[in-house]
Amino acid sequence: MIDIKGLTVEYEGGIKALEGVDLTISEGDSLGLIGANGAGKSSLFRSLTGLTAFKGSIMFNGLEVVKKNMPEIRKNLGYVIQESDDQMFMPKVIEDMIFGPVNYGTSKDEAVKKAEEILAQLEISHLKERYNHKISGGEKKMAAIATILMMKPNVILFDEPTSSLDPHNRRTVINAIKRIDATKIIASHDLDLIYDTCEKVALLNKGRIVKVGERDDILRDKDLLEENGLELPLSITGR
Amino acid sequence: MNRAREASSEIRSVEDLSKLESPVHGLSPLSKLLLTIVYIATVASFNKYDIVGLFAMILVPLLGYMLSGIPVSTCFRKLKVVLPIVLLVGIVNPFLDREIMFSIGNFKVSYGIVSMVTLMLKGVFSLMASFLLVATTPIDDLCKSLRKIHMPKIIVSLLLLTYRYVSMFLDEVATMTESYSLRAPGQNGIAFKSWGSFLGQLIIRSMNKADRNYGSMILRGFNGEFYYCDRVFSKLSWLWIPILIAVCVLMRLFNVPALVGSLFVR
């Protein structure tokens with residue numbers, strides 16, 4: 001489904017965010033992308049969505065990630081950005097939700113109907129007519145996920161979906177992610193979230209893939225995690 | 001409240017006003033836009049000494065405010081930053097045009113004073129009409145109207161994005177000034193020496209935010225063309241347009257206050 005080969009992202013000043021990354025993600029996978037701050041998780045997502053220039057090749061559903069293929073790729077690829085404020089640019093939640101589908105030719109009435117279904121599915125119907133700037137951080141995150149689900153993507157990228165959420169909202173978001181029926185790639189250093197939602201894990205450090213494997217092989221390896229600036233998930237240590 | 005945040009919330013509250021329901025809100029946005037353009041053009045076309053004739057033009061926006069349920073004071077409160085600039089227009093006229101036009105008792109009124117007041121009134125009336133349009137028409141509807149009259153897509157998108165972005169920009173200013181003031185207790189505003197770095201940071205942060213927002217838009221299929229509201233308005237809402245345009249033209253051609261006055265004074 002997604003095949004990444006020799007992915008290198010270099011920013012101004014020669015700073016390499018990613019270097020020679022090879023990664024394959026199959027349909028239905030739930031992959032946790034873990035790594036300390038600056039490991040290159042967001043750069044990988046931005047490359048996948050064509051928002052950042054890169055070297056190497058990325059294939060998505062047989063299509064190469066290049067400008068001419070982006071409209072088709074983006075139809076099937078959802079990206080929940082770390083800062084919900086950056087994702088929600090329309091005044092109301094409902095307006096933000098229908099923005100994508102209407103751009104792709106769905107009628108407004110049909111899009112609104114679909115939005116109502118998704119809001120109900122995520123148990124946030126009360127947010128429908130609310131203004132984005134007047135809802136809480138947790139609600140905003142759920143609304144941001146709803147806007148992406150509206151696109152019915154095959155693959156969803158979640159960038160730090162639980163950052164700055166309180167325990168209750170964090171749990172709500174985790175449950176929502178678990179219920180989503182799509183290929184999921186979740187970038188986070190909240191390893192408990194990854195442990196809870198992913199079957200496979202890719203460990204990144206300083207722009208390189210250190211290890212890709214089954215969740216338990218990586219998240220229970222204390223030495224491996226500590227060598228790469230991480231710690232065992234609390235759910236494993238029991239602290 | 002931080003002044004930038006206050007301004008941002010003021011802008012958003014205008015958007016709230018535009019979503020109310022009233023006979024004026026329910027009219028076709030294009031008809032309101034056209035009438036506003038005709039009204040402003042009529043007001044601007046008055047002779048600079050025709051203060052009496054011009055004064056009657058206030059009736060049109062006043063009627064709009066009455067029917068929309070939006071108090072006129074809201075307009076002046078929201079536009080308190082712009083109004084002084086409008087009032088400055090023509091401030092030099094009394095010094096340039098000193099010939100006496102008429103006297104009120106011992107007070108001699110020059111042509112310059114009259115033209116200054118006329119210019120001020122033209123500015124205030126135009127602002128009142130523009131605010132009425134914005135306060136009774138959601139921005140999406142307004143943009144759709146502009147597209148209908150073949151305003152280029154890029155200009156309309158720019159207008160819409162600017163309108164949306166101004167609030168975000170002000171929020172950014174508010175966050176920065178708040179964090180500044182937390183570390184500069186007792187200081188009134190931002191020290192002059194910090195303005196350079198403050199503005200530099202503001203530009204960088206704004207550009208980054210704009211970039212992230214734009215990224216989020218193109219990921220959801222944005223291709224430069226906004227979809228706007230697709231509400232259908234009753235054709236009846238066009239009926240009042242010729243009437244009000246006729247009123248504007250009549251007020252322009254005939255000095256209505258003078259005609260009314262002549263009924264009572266010989």
Side-chain angles (χ1 to χ4, degrees), chain A residues 42 45-52 67 70-92 95-112 129-134 144 146-153 155-157 159, chain B residues 1 4-19 138-144 153 157 160-172 174-175 204-232:
Chain A
S42 298
F45 279 179
R46 289 181 64 82
S47 310
L48 270 171
T49 48
L51 293 175
T52 292
K67 198 176 174 186
M70 287 329 291
E72 188 55 34
I73 290 174
R74 285 171 180 160
K75 256 190 210 175
N76 298 306
L77 183 64
Y79 180 16
V80 181
I81 298 171
Q82 184 173 352
E83 291 293 331
S84 306
D85 275 334
D86 295 335
Q87 184 143 354
M88 314 283 285
F89 46 81
M90 298 295 276
K92 284 185 176 180
E95 290 167 337
D96 227 301
M97 287 183 73
I98 64 172
F99 180 85
V102 173
N103 275 327
Y104 279 110
T106 309
S107 77
K108 195 177 166 187
D109 287 344
E110 210 178 307
V112 169
E129 293 295 335
R130 298 277 301 277
Y131 283 100
N132 285 328
H133 66 281
K134 286 183 180 169
T147 65
I148 297 305
L149 290 182
M150 284 293 289
M151 308 284 292
K152 295 185 204 156
V155 179
I156 307 182
L157 315 176
D159 195 355
Chain B
M1 196 198 282
R5 214 174 286 288
E6 205 177 318
S8 154
S9 122
E10 287 282 337
I11 291 171
R12 285 177 172 135
S13 68
V14 174
E15 200 148 353
D16 287 343
L17 285 178
S18 72
K19 305 220 164 121
I139 187 73
D140 291 358
D141 296 11
L142 207 53
C143 287
K144 189 181 180 189
K153 174 167 97 171
S157 293
L160 183 63
L161 287 172
T162 306
Y163 189 82
R164 293 253 180 278
Y165 195 69
V166 165
S167 317
M168 290 190 201
F169 179 78
L170 288 169
D171 286 341
E172 206 68 47
T175 308
I204 292 168
R205 287 168 67 130
S206 302
M207 283 170 67
N208 286 342
K209 188 159 182 75
D211 184 51
R212 290 192 300 266
N213 274 150
Y214 181 67
S216 172
M217 286 162 71
I218 58 169
L219 287 177
R220 284 191 276 157
F222 178 69
N223 59 2
E225 177 77 283
F226 267 97
Y227 71 87
Y228 306 107
C229 114
D230 51 8
R231 277 195 291 160
V232 178

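Hydrogens, waters and symmetry mates play no part in the numbers below; they use all other heavy atoms, side chains included. Below, read A as the first sequence line, B as the second, and so on, with proteins coming before strands; counting in each chain starts at 1.
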**Study point:** Salt bridge A/Arg46-A/Asp159, side-chain N to carboxylate O under 4.0 Å
**Key:** no
Revision key, fill the gap. The side-chain contact (heavy atoms from CB on, under 4.5 Å) partner of B/Tyr163 among B/Leu142, B/Asp140, B/Val14 is B/Val14
Exercise for review: Would you check if the side chain of B/Arg12 reaches a backbone N or O of A/Pro91 as a donor-acceptor pair within less than 3.5 Å?
Suggested key: no
Study note, to complete from the structure: Here the gap from B/Asp171 atom CG to B/Tyr165 atom OH, rounded to the nearest 0.5 Å, amounts to 10.0 Å
**Study point:** Expected output: side-chain A/Asn132 to main-chain A/Met90 donor-acceptor under 3.5 Å
**Key:** yes
Check your understanding: Under 4.5 Å, heavy atom to heavy atom, which residues of residues 81-88 of chain A contact chain B?
Key -> A/Ile81, A/Asp85, A/Asp86, A/Gln87
Point to revise | Residue part contacting chain A, namely of B/Arg164, when any heavy atom lies under 4.5 Å | key: side chain
Exercise for review: Would you indicate whether the side-chain heavy atoms of B/Leu219 and A/Ile148 approach each other to under 4.5 Å?
Suggested key: no
**Study point:** Part of A/Phe89 lying under 4.5 Å from any heavy atom of chain B
**Key:** both
Practice item. Answer whether the closest heavy-atom distance between the side chains of A/Phe99 and B/Met217 falls below 4.5 Å. Key: yes
